[in-house]
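We use all heavy atoms of the structure for the numbers below, so side chains are in, but hydrogens, waters and symmetry mates are not. Every number for a ligand or one of its atoms is a count from 1 in the order of the listing.
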Amino acid sequence: MTEYKIALVGFGGVNRGFAQLVAERNAQWQASLGFTIRIVGVTDLFLGSIVAREGLDAAQLVALPSEKGAFARLPGGHAEAFNENVIKHSGADLIAEATFTNPIDGEPATTFCRWALESGIHVVTTNKGPVALHAAELKALARRNNVAFEYEGAVMSGTPVLRLARQALAGANVQGFEGILNGTSNYVLSQMKNGLAFADAVAQAQQLGYAEADPTADVEGFDVRLKVVILANELLDARLQLSDVACSGISAISAQDIADASANNASWKLIGAAERQADGSVQAQVQARLLPNTHPLAGIGGAINAVTFTTELLGAVTVSGPGAGRIETAFALLSDIVAIHAARGH
Ligand code: HSE
């Protein structure tokens, strides 16, 4: 029986959701997945940090109030976030990195990933910043240190997309993709169709926990651009940077535009897409598109995401499912650990 010792880096919704899964399901995982999880450290810039090599009580962690320095309330805990100590010296086999996404330079998450990989510690992350901006470097670092760098949750939370395309579609020859890759903007467009004002729909998406800390990233397409770069680089071997992807959002779409679309059996959707060109290059863009209601992505409503891969051998393959949410994204971390466990011959 394998036990993975894990340090949680960032303790917002996603890693708190992961701790909840551990509290509720560890015994079940022993039977169904062949491993259990022991949480040996947690660090969070707001809440502080704690290390306990013998293991922390996951249920107690979940119940911790979201107050500044709250880890100081626990025996051995600190109000300060000793990130480097928790990552390198808690005895963890792997870290679950789920701090905020910084779309400019991917920090501090990228440094957290580097510290772990350099120390021979696996990294599972749901953070788009390090993956969109530094995946090649981090993958090389992981290879050199014979550890894994997994990030299924960076696109469409726990809905299988990256690993599905990389493994199950290997050889089918993916030529491109188009997708609804942001739950907030799709939710906003759906609610506007139901008559809600743009600002009220954004506020609802924030309350439901879909939106980024700054929802501008959701409605102006910047969040989708990160995901398009991740998918294009991963699946089409592109070497895109954010600046290579033309990007616009949904903020200019009016209630009248939505009503006109409905009257014409069409729907506005924020689409992120990339396609391999005849010369081998990859063209990618993020933009609101008016889709006829017969289009497979037109019926994807609410916070649900979907992506259609265009493949040479199978034609179009569409996957849809949650693209955000704390438990849905925490599941992505679990799926990464399952993949690491399988890759190590279990
Ligand atoms: N803010 C994002 C969304 C979260 O609405 O889809 C997941 O990346």
Do the charged groups of Glu234 and Lys139 touch, with an N to O distance under 4.0 Å?
-> yes
Evaluate side-chain contact (heavy atoms from CB on, under 4.5 Å) for Asn173 paired with Thr311, printing each intermediate quantity in order.
-> CA-CA 5 Å; Asn173 206 357; Thr311 74; 5.9 Å; no
Polar proximity ligand 1 side, Asp218 side, N/O cut 3.5 Å exclusive = yes
Quick one: look up the protein heavy atom nearest atom 7 (C) of ligand 1 and list residue, atom name and how far away it is.
-> Gly323 O, 3.4 Å
Aromatic ring proximity, centroids under 6.0 angstrom, Tyr4 and His341 | yes
For Tyr210, the atoms of ligand 1 under 4.0 Å from one of its heavy atoms are 1 (N), 2 (C), 3 (C), 4 (C), 5 (O)
What protein heavy atom is closest to atom 5 (O) of ligand 1, reported as residue, atom name and distance in Å?
-> Thr184 OG1, 2.7 Å
Minimum heavy-atom distance between Leu117 and Leu138, given as atom pair plus value = CD1-O, 3.5 Å
Can you list the steps and then say if Leu333 with Asn15 is a side-chain contact (heavy atoms from CB on, under 4.5 Å)?
-> CA-CA 9 Å; Leu333 296 172; Asn15 265 339; 3.4 Å; yes
Going by the order shown, which atoms of ligand 1 are within less than 4.0 Å of some heavy atom of Gly183?
-> 3 (C), 5 (O), 6 (O)
With a 4.0 Å cut-off on heavy atoms, does Lys227 reach ligand 1?
-> yes
